[in-house]
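One structure below.
Letters A, B, ... mirror the listed sequences (proteins, then strands); counts begin at 1.
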Amino acid sequence: MDFLSNFLMDFVKQLQSPTLSFLIGGMVIAACGSQLQIPESICKIIVFMLLTKIGLTGGMAIRNSNLTEMVLPALFSVAIGILIVFIARYTLARMPKVKTVDAIATGGLFGAVSGSTMAAALTLLEEQKIPYEAWAGALYPFMDIPALVTAIVVANIYLNKKKRKEAAFASAQGAYSKQPVAAGDYSSSSDYPSSRREYAQQESGDHRVKIWPIVEESLQGPALSAMLLGVALGLFARPESVYEGFYDPLFRGLLSILMLVMGMEAWSRISELRKVAQWYVVYSIVAPLAHGFIAFGLGMIAHYATGFSMGGVVVLAVIAASSSDISGPPTLRAGIPSANPSAYIGASTAIGTPVAIGIAIPLFLGLAQTIGG
Amino acid sequence: MDFLSNFLMDFVKQLQSPTLSFLIGGMVIAACGSQLQIPESICKIIVFMLLTKIGLTGGMAIRNSNLTEMVLPALFSVAIGILIVFIARYTLARMPKVKTVDAIATGGLFGAVSGSTMAAALTLLEEQKIPYEAWAGALYPFMDIPALVTAIVVANIYLNKKKRKEAAFASAQGAYSKQPVAAGDYSSSSDYPSSRREYAQQESGDHRVKIWPIVEESLQGPALSAMLLGVALGLFARPESVYEGFYDPLFRGLLSILMLVMGMEAWSRISELRKVAQWYVVYSIVAPLAHGFIAFGLGMIAHYATGFSMGGVVVLAVIAASSSDISGPPTLRAGIPSANPSAYIGASTAIGTPVAIGIAIPLFLGLAQTIGG
Amino acid sequence: MDFLSNFLMDFVKQLQSPTLSFLIGGMVIAACGSQLQIPESICKIIVFMLLTKIGLTGGMAIRNSNLTEMVLPALFSVAIGILIVFIARYTLARMPKVKTVDAIATGGLFGAVSGSTMAAALTLLEEQKIPYEAWAGALYPFMDIPALVTAIVVANIYLNKKKRKEAAFASAQGAYSKQPVAAGDYSSSSDYPSSRREYAQQESGDHRVKIWPIVEESLQGPALSAMLLGVALGLFARPESVYEGFYDPLFRGLLSILMLVMGMEAWSRISELRKVAQWYVVYSIVAPLAHGFIAFGLGMIAHYATGFSMGGVVVLAVIAASSSDISGPPTLRAGIPSANPSAYIGASTAIGTPVAIGIAIPLFLGLAQTIGG
């Protein structure tokens, strides 16, 4: 009983934190039809500053820390990133009216990491005075890149297999009929390659998908390159003065503006969801929590095995619960061009992100406090 | 003599304050033909941050204060907002070459409130260490919305009456002539409805103007919705950390940039004023001071009756003196589409706002210090 | 030996400073193909804030200081600005495949001053705790304007002379041939006037170039007008509160973002350089250092003659080493329309600025520390 009542009180208190209350505020004013707009350029510079700050924190921490501690959490991050895609492949993709490539892309997006969600978690950990490893933010790419790579590879293997099967089926039937091949719920045209990159791979009959270009594209995205720049500067330069006088003190305030934008954005995307199968709604509510619990469990193993902090466990759970909002979509659009962006972006922005920030963060924070305290 | 010399010294000292000196600086560099431009997106985020901060201050104050104190000043705010429109209706509108609908719209704009002007007044009060109620900023919507609603209602009643009169006149003359009706200085075409909303109301012969949509539109404007969001967060969440670390410390600096922009904007709008009747110039110089004195007088009644602070009296006088620059114009454009925007926007931005900030604020501040000190 | 090892250690340490490491970081991520973008509007407001801050510092300093100290450094600034143009006229312009007007324009750009480079130098001086006169930033226009004016005047005198020579030559040959006149490497069309302003001057046979419009245009540029606004406010207003609470604390952080942008920009402009003669590359590497050494020498004279601080000597050397990136190009484009912008802008942005910030600043700082310490 104490567990539950403590947990609920913590939960409500966290909804009152600046981070979460601005998110909720954004949804409310969007629902009220507010004309308020935060310009696109402001959102871009805020994301840059948040991720540079997280990178700088990580880089300066790595400079002074024992990196062997980071090995197990980093390995778990990679494993979770890959696992999430396969979960989507064998749950969401099996649902009626859900196209397999769309489901795989959605899995990739939910496996990838949202810098803003992570920033919200780090802020709430600080507000609750729960210590965590300063390099915890640097786990981001270890989960983000494997998830995107896995999604693109799995989708392309699926598409190649399907194409060969259809070709064999078509040639077998060729003598009898010239009708186009119908493959379940899929319209064949939309599953066929629509970008030159994908096409070239299939044309040449090459069934291996090139992994390096996907990794490279992820690393070059604005969010990850800002973070890696921060890590590099934290490691090799002496950015302490701008860190302490600029990036760190402005962090929470800038995050509050970004949360507001994400709340407004989430509300405005809800209508897109109506156009796709309702299973996306179910998935985007359940998946962040399920992924978070898996990561929380693995994090606890690292906690007992190598002394990974409870705060670090929360960070791991939250980056697993989060879904990419900035860098993921363009990478997936280029890598799986036949998938429908309004399916995966709508699910992630309208439901996945609010669930990750508004439910998963307070949930895992409360869990960590109850277990650890 | 002491009164006057004290007052003049205060006046000059206030012109040297960052707020007013950046306003004057903006007018000077615009007059010198400077190529300096502050991007539109920066202005938008500054307005958002200023009004969110004012809202947060108000919300947190309301949480801890006796709201019965607010009743009388709020009632006076409503009364002043309505009164200002009728003043314009019976002074400016009677002047030669001034169209009645334009005059009513101008009155609406001068009755509505400028968030930036209010921010300037609050900053100067703090610099002069004159205490004021923290909820004083929350008087904004109590004057802003009634003024806009009154202007739109009065304009539509006027237009309906005029239309019926013309229709009667036309049908009376109908047998003799098919010539269009000339109504004094007005070109009949420009007084006729030009938007669907207004048209529909007149078409149906409905003489009541719907008030709720106007209130809703005002509340949804970017300035008011940022402020109300701040109030709500201040009331229901715990935004203290971002308030103290972000919104509050950046307030004055951001205001200085906005003042610069308003000075440059005022200068560049002066040419627009030449196109409209010179009575707009007279009105925009006299009205802010006249409205301010009325509000100052009512504020003094509240001062003696319920202990409303002298700083609060200054805030009331300044929001009465101010004219809306962000949210007002689009609401009026939608509500009174037959009014000429270059008449009311030019008068407000080029003269009304500089007079309110550069003359009314130091004037009422000086007055409050001399009376209160 | 000690001199050299101290100098090298200082040099490496300065590359690790936030300012220089963000510049290098920008070049590295651009080279890695990062998709990171800092929006244009953010760059504009950063430049505004940096130069306003430098102006405010200067203005407040001038209010409290003995201006006779400033006379000699200001005179030297004017002399260096003029000299740099003539150096380009008699070195770069004589190189094969280099057009004379392009070389003169390039000299003008390298004589003009970069506000960002100066901001970087001031920040590094503060980090190294080397004192300098607070009015040192106000030397900027004393070098910037004479350089631009000289370049435009020299270029127009050259073009007029050439035109008359060609006209004389053409009329001498007129009877024999109607072929167009070829003048060395220049295509006559590109040396002929392409803007109305230049044209009008030549058409009227007026060989004097009007100097005042060039000065006016320089002063109206966004960088200089922000700085002069700051100086004026520092002198005549009381901006201390916004200076201490806003412009000063944000200075270094904003500079770090601008340095990143300049690094990325430098990298992306390198390709443009391939299209112009390779002598531009040689010039842009050598000129910043050569100009810096000349200024350092003159600064040392002022040091011994009037007690100009060693920090001030570094500022003088760095503004001589810097080349204009914001205000200079549009002024030159208008004043010498026949010069090829990709020649002078490419040389300045891709090589001149990185050399000035990354090599000249640490070099002259190290020199000042070794001489002064």
Side-chain angles (χ1 to χ4, degrees), chain B residues 10 12-46 49-50 119-120 123-129 244-261 263-264 267 358 362, chain C residues 38-53 55-56 59-60 63 115 212-213 215-251 253-254 326-331 334:
Chain B
D10 275 352
V12 169
K13 254 171 77 179
Q14 279 152 18
L15 290 183
Q16 288 187 308
S17 78
T19 308
L20 299 185
S21 59
F22 272 83
L23 181 84
I24 298 166
M27 298 177 82
V28 170
I29 66 170
C32 295
S34 164
Q35 300 300 310
L36 181 69
Q37 280 186 323
I38 305 294
E40 180 61 23
S41 58
I42 301 298
C43 298
K44 276 191 184 170
I45 192 73
I46 291 179
M49 285 186 62
L50 297 184
T123 302
L124 281 162
L125 282 167
E126 276 161 36
E127 279 177 9
Q128 309 275 327
K129 303 201 169 46
E244 280 154 28
F246 189 70
Y247 292 97
D248 189 41
L250 292 177
F251 189 77
R252 288 187 192 190
L254 293 173
L255 182 65
S256 73
I257 299 178
L258 196 63
M259 287 292 124
L260 187 75
V261 173
M264 295 193 289
W267 188 265
Chain C
I38 305 294
E40 180 60 24
S41 57
I42 302 298
C43 297
K44 276 192 185 170
I45 192 71
I46 292 179
V47 168
F48 165 77
M49 285 185 63
L50 296 185
L51 286 166
T52 304
K53 187 264 177 182
L56 288 170
M60 293 188 296
R63 204 169 52 184
W212 178 241
V215 175
E216 204 182 4
E217 192 165 15
S218 302
L219 292 172
Q220 287 171 347
L224 255 183
S225 59
M227 205 185 103
L228 293 174
L229 172 75
V231 170
L233 292 172
L235 269 174
F236 302 119
R238 291 172 306 152
E240 279 78 2
S241 65
V242 288
Y243 179 82
E244 281 154 29
F246 189 70
Y247 292 98
D248 190 39
L250 292 177
F251 189 77
L254 293 174
I326 296 161
S327 325
T331 306

Any idea which of B:Ile29, B:Leu250, B:Leu20 has the most non-hydrogen atom pairs under 4.5 angstrom with chain C? B:Leu250

Can you tell me which of C:Leu224, C:Ile45, C:Ile42 forms the most heavy-atom pairs within a distance under 4.5 Å of chain B?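 The answer is C:Ile45.
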
Is the closest side-chain heavy-atom distance between B:Pro18 and B:Arg252 below 4.5 Å?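 Contact flag for B:Pro18/B:Arg252 side chains = no.
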
Beyond-backbone contact of B:Phe22 with B:Leu258, side-chain heavy atoms, under 4.5 angstrom: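 SC-SC contact between B:Phe22 and B:Leu258 ruled out.
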
C:Phe236 portion near chain B, given a 4.5 angstrom heavy-atom threshold: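 It is the backbone, since no side chain atom gets that close.
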
So, for B:Gly253 and C:Tyr247, which heavy atoms are closest and what is the spacing to 0.1 Å? O-OH, 4.2 Å

Closest heavy-atom contact between C:Ala237 and B:Gln16?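 Shortest heavy-atom contact: CB-O, 3.4 Å.
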
Interface moiety of B:Ile257 toward chain C, non-hydrogen atoms closer than 4.5 Å: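 Looking at B:Ile257, backbone and side chain both touch chain C.
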
Between B:Glu127 and chain C, with a heavy-atom cut-off of 4.5 Å, which part of the residue counts as in contact: side chain, backbone, both or neither?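 Contact with chain C: side chain only.
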
Which residue pairs pass the side-chain hydrogen bond (donor to acceptor under 3.5 Å, both in side chains) test when at least one of the two sits in residues 18-38 of chain B, sequence neighbours left out? B:Ser34-C:Ser225

